[in-house]
Number of protein chains: 2
Amino acid sequence: MSTTTFPIQLSFVSERPYHHGNLRSALLEQAESILRDQGAEQLSLRELARQVGVSHAAPRRHFQDRQALLDAIAENGFARLGTELSNAFTSVGDSFAPRVRALAAAYVRFATDDAALLELMFGAKSLDPDGPMHDAAMAAFDPVFELIAQGQAEGRLESGDPERVGMVLFASIQGAAALFTAGMIERAALDQLTVDAITYFLRGAQPAQTS
Amino acid sequence: MSTTTFPIQLSFVSERPYHHGNLRSALLEQAESILRDQGAEQLSLRELARQVGVSHAAPRRHFQDRQALLDAIAENGFARLGTELSNAFTSVGDSFAPRVRALAAAYVRFATDDAALLELMFGAKSLDPDGPMHDAAMAAFDPVFELIAQGQAEGRLESGDPERVGMVLFASIQGAAALFTAGMIERAALDQLTVDAITYFLRGAQPAQTS
DNA sequence: ACCTGAACACCGTTCAAGT
DNA sequence: ACCTGAACACCGTTCAAGT
């Protein structure tokens, strides 16, 4: 009779002995799954502990309170978003316009795949300037600003602080995803909106006509 | 000895006898105030009832559950947003560009004045197509689409479904406000971003050059 | 070091009963 | 019609105690 006969959510990540050494990651993993399926409001520490198979007080060792757990999830989210944007940037050749489309598509995919996570990430108060998560969050968007710099170097975008120029693109894509996850527009309208937002951005952010 | 000696939150709206006839609006008003100050998560039905001076079961007569209260608040929000956008549209002369700026400014003001309310409005599941609140929500943005139609009629915007064209502007302004309320950018950056979003939209949505 | 069990002060929701 | 009070099944958080 081994001690772990029940195949309780082994999940993707690990097949280690459980209970000792990786409670923290088991909690995070399960919490992310609940978040995705039920939303942040339905995420209860007690239920989470139950599903992972520990007492309701055990999570306290790893997360001081509910908010600390949510913050940790959000931080994971920014890390994953960063790698996904980075992948999109490098996996599509090196011309400017396709990269813009790939980056926007990657962001929209991330946002719509796990709307509750994105909401959590943007709801995290720790995001504000000088907050502990601000740098990690901004780092995720580095590929966007790098791309803007490329567009400027190639004369396709007006000059100026890449963060300032890129923020316009970022805001419109973020807004588009928000309209979809809020249910205001349907999937097809989101795709159309994404294309339009990119088109208008590229035309609107061109250097002033010189002829 | 009158029955109402304590001046418990008389608030703005009414000075009617209280307790009889207007519990519903008293609850809504107080709930909106709590929402603005503390956020939706801190809004407890029991505490709300306490503050309004009724038993914890009394709200049930007017709101079947917590979600119904939140939905009602969101609906009020869309109504108020509608009138504020409408006011912005009509209170600034009738030229196109100033109207765009006024509308954007009004939206940003609404969003940043009461971020928790906007989050609630966009979080309301009842927003999706065929949901009970979708029409009321879309109606609030009528001034935006009307303005787009004006821009098209004056040859300043490319033709096409005004909803499609306007959605790009709407998304970018909404995204800008979201970046601010999330704490990612500061107030000054939001103002700059709003200006840039409008500029890029106006240039990018121009009819194709014909010469 | 890591986890448990009991305890405390809250919730939302329901329902019989009061006026 | 509108509200109350008790009850139920949950919470998050804390803390002494176990191994």
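Order of the sequence lines sets the chain letters (A, B, ...), proteins ahead of strands, with each chain counted from 1.
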Donor-acceptor contact below 3.5 Å, side chain T90(A) vs main chain S86(A):
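It does hold such a pair.
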
Nearest-Å distance for atom pair [atom1]/[atom2], residues [X] and [N]:
X	N	atom1	atom2	answer
N22(A)	dA1(C)	CG	C1'	15 Å
R24(A)	dA1(C)	CZ	P	18 Å
H56(A)	dA16(D)	NE2	C1'	13 Å
L70(A)	dG12(D)	CG	P	10 Å
R60(B)	dC15(C)	CZ	C1'	9 Å
Q67(B)	dT13(C)	CD	P	9 Å
D65(A)	dT14(D)	CG	P	8 Å
E47(B)	dT13(C)	CD	P	16 Å

Nucleotide nearest [X] (side chain, heavy atoms from C-beta), chosen from [options]:
X	options	answer
L45(A)	dC11(C), dT13(C), dT13(D)	dT13(D)
V54(A)	dT4(C), dA6(C), dT4(D)	dT4(C)
R66(B)	dC3(C), dC3(D), dT13(C)	dT13(C)
A58(A)	dT4(C), dT13(D), dC3(D)	dT4(C)

Need one value for S44(A): base, sugar-phosphate or nothing, where a base atom within 4.0 Å counts as base even if backbone is also close, heavy atoms only.
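The residue S44(A) makes sugar-phosphate contact but no base contact.
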
Does R46(A) make a side-chain donor-acceptor contact with the base of dT13(D), cut-off 3.5 Å?
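Counting by modelled atom types and ignoring angles, a donor-acceptor contact under 3.5 Å is found here.
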
Check the surroundings of atom CD in E158(A): do more than 12 heavy atoms from other residues, nucleotides or ligands lie under 6.0 Å from it?
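More than 12 within 6.0 Å, yes.
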
For a salt bridge (Lys or Arg N to Asp or Glu O under 4.0 Å) check, start with the C-alpha distance between R164(B) and D196(A), then their side-chain angles and the critical distance, and finish with the verdict.
CA-CA 8 Å; R164(B) 200 206 97 231; D196(A) 290 339; 2.7 Å; yes

Q51(B) and E47(B) side chains, donor-acceptor separation under 3.5 Å:
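Distance-only check passes for E47(B) and Q51(B).
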
In the strands shown, is dA1(C) matched to any nucleotide by a Watson-Crick or G-U wobble pair with both distances under 3.5 Å, and which?
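When the pairing criteria are applied, dT19(D) turns out to be the nucleotide that pairs with dA1(C).
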
For dA7(C), the Watson-Crick or wobble counterpart (both distances under 3.5 Å):
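Checking every strand shown, dA7(C) finds its partner in dT13(D), with both distances under 3.5 Å.
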
If you find the nucleotide of DNA chain D closest to R50(A) and the one closest to R61(A), which residue's nucleotide is nearer the 5' end?
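With R50(A) and R61(A) compared, the 5'-side residue is R50(A).
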
Evaluate the ring planes of F170(A) and Y107(A), with Trp represented by its six-membered ring, and classify them as parallel (under 30°), tilted (30 to 60°) or perpendicular (over 60°).
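Perpendicular.
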
